[in-house]
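Quick notes on the structure that follows.
In listed order, ligands and their atoms are each counted from 1.
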Amino acid sequence: MTQYDVAVIAGDGIGPEVTREAMKVLDAASEVFGFQLRRTEYPFGTDHYLEHDEIFPDDAFEEIKGMNAIFLGAIGDPRVPVGLIEYGVIAKLRFELDLYVNLRPIKCYDERLCPIKGKGPDDIDMIIVRENTEGAYTGMYGFAHKGQALEVATQTMVYTRAGVERAVRYAFELAKARTRKQVTLIDKANAVRAQDIWTRVFAEVAAEYPDVSTDHAYVDAACMWMIKNPEWFDVAVTPNLFGDIITDLGAVLQGGMGIAASGNIHPGRVSLFEPIHGSAPKHAGKNVASPVAAIMAGSMMLDYLGEKAASNAIESSVVDLIRSGRIEGVGTGVHETTAVGDLVAAEVKNAAARV
Ligand code: IPM
Ligand code: MG
């Protein structure tokens, strides 16, 4: 039986409860599809920091490097300084494991989940390739004359040719395998002139993919087009910060933060899967958070590990349950975190029986 080593960091806020449901579904999938996930749980997050004054110890990090994948629930808590745990956990994993693609599918599973009148599953099926190791996130910032009237604050956006090229190439490879075969570059090169490197590298890589069509949108216009004409987008590639912003917008197109999943990927290496949503402290511990995004992150993780049938079974189970109004229904269906997990797990077992 194939075995995979998976590190699980449930994290803060609603992280542990949505992770529990995702694991329930992964257990169901591994049982019926015949593979094993050897999970190691790590307690890192705000509670651990407050109790032990430690964010992410080196020995645990070394251990995780040798695993096949990482599952993360959510990170962030108002009891500690802004960014402390985010940089200590998520950013550390993204940067030090060189997870250069943040893959964020935006797929609407049911018209009732889409807030845009007249748009539904046929219109909303795009995937954002967010560059994940550069841009505004490299932590190159500083302050001079702090607190004084003439205070200066700077933060550098960093783009390397190698960094831009590998993200763009990933997007083209992805598009090549899809029906539409289109890549849109989303940037702000008209104002952020350093992003000219994106314009040039995109054109160079595009020349190698004659079967893939290309498009371009400035990020402000992209925010408008994603709402007005979401069907125009297939694969889109974009710098780190814009990718962060437009994927929250995208999450709404597919039904909200409770649905949207993501993968932080370095092809061929240990990669990290997580829901796009945050830790939502105000909803924590109430059994009200939707675990669908975490469950779909689990599905993405299985796809990455090569367990395609199990990954598809999870996705189709979620889709069936949504379309039949049994979960995520507007006014219908179950909403409790644990009940949704139970239903998806049961449906995955049924789906496997049908294969
Ligand atoms: C995300 C999050 C993170 C980001 C935060 C928690 C640092 O918003 O994964 O989209 O900005 O990348
Ligand atoms: Mg974000």
Side-chain angles (χ1 to χ4, degrees), residues 9-16 18-19 22 44-49 55-56 69-106 126-141 155-159 163 167 186 219 222-223 226 236-266 271-284 289-290 292-294 296-298 300-301:
I9 306 172
D12 297 328
I14 59 168
V18 297
T19 299
F44 310 129
T46 304
D47 283 340
H48 183 84
Y49 169 71
I55 300 182
F56 205 146
I70 306 158
F71 186 95
L72 182 93
I75 284 292
D77 189 304
R79 289 173 297 168
V80 292
V82 173
L84 181 73
I85 308 291
E86 290 88 332
Y87 265 87
V89 179
I90 298 188
K92 182 180 169 74
L93 286 160
R94 288 177 181 167
F95 295 162
E96 293 183 23
L97 298 176
D98 197 27
L99 306 175
Y100 65 87
V101 162
N102 196 325
L103 195 62
R104 300 190 156 186
I106 299 170
M126 63 184 99
I127 182 153
I128 310 292
V129 175
R130 164 184 175 188
E131 195 291 317
N132 210 31
T133 53
E134 303 195 332
Y137 280 72
T138 45
M140 294 167 70
Y141 67 93
Q155 181 142 356
T156 308
M157 289 187 184
V158 178
Y159 306 111
I186 298 178
V219 66
C223 289
M226 278 173 67
V237 62
T238 191
N240 208 339
L241 181 60
F242 298 161
D244 175 48
I245 298 167
I246 65 174
T247 52
D248 271 30
L249 182 77
V252 175
L253 289 178
Q254 62 184 137
M257 299 305 284
I259 310 250
S262 70
N264 298 255
I265 293 170
H266 186 125
S271 293
L272 161 73
F273 299 84
E274 54 171 338
I276 294 186
H277 64 65
S279 58
K282 67 172 186 272
H283 299 307
S290 169
V292 171
M296 289 308 299
M300 288 182 77
M301 181 172 86

Who are the residue neighbours of ligand 1 when the rule is a heavy atom under 4.0 Å from any of its atoms? Glu86, Arg94, Arg104, Arg130, Tyr137, Asp244
Should the ring pair His266 and Tyr100 be called parallel, tilted or perpendicular, given that the plane angle runs from 0 to 90° and is split at 30 and 60? perpendicular
Looking only at atom types and distance, does a side-chain atom of [X] sit under 3.5 Å from a main-chain N or O of [Y], one as donor and one as acceptor?
X	Y	answer
Ser290	Val292	yes
Asn240	Ala136	no
Ser279	Ile14	no

Counting only protein N/O/S, how many atoms fall short of 2.8 Å from the Mg ion (ligand 2)? 1
For a ring-ring contact (aromatic ring centres under 6.0 Å, His included) check, start with the C-alpha distance between Phe44 and Phe56, then their side-chain angles and the critical distance, and finish with the verdict. CA-CA 6 Å; Phe44 310 129; Phe56 205 146; 4.9 Å; yes
Kindly state each residue pair satisfying salt bridge (charged side-chain N to carboxylate O under 4.0 Å, His left out) with at least one member in residues 236-254, sequence neighbours excluded. Arg130-Asp244
Can you sort out the partners of Thr133 under side chain to side chain donor-acceptor pair (under 3.5 Å), two or more places apart, ordered by chain and number? Glu131, Arg166
Electrostatic pair Arg94:Glu86 at N-O distance under 4.0 angstrom: no
Side-chain contact test, heavy atoms from C-beta onward, threshold under 4.5 Å: evaluate it for Ile276 versus Arg104 and give yes or no. yes
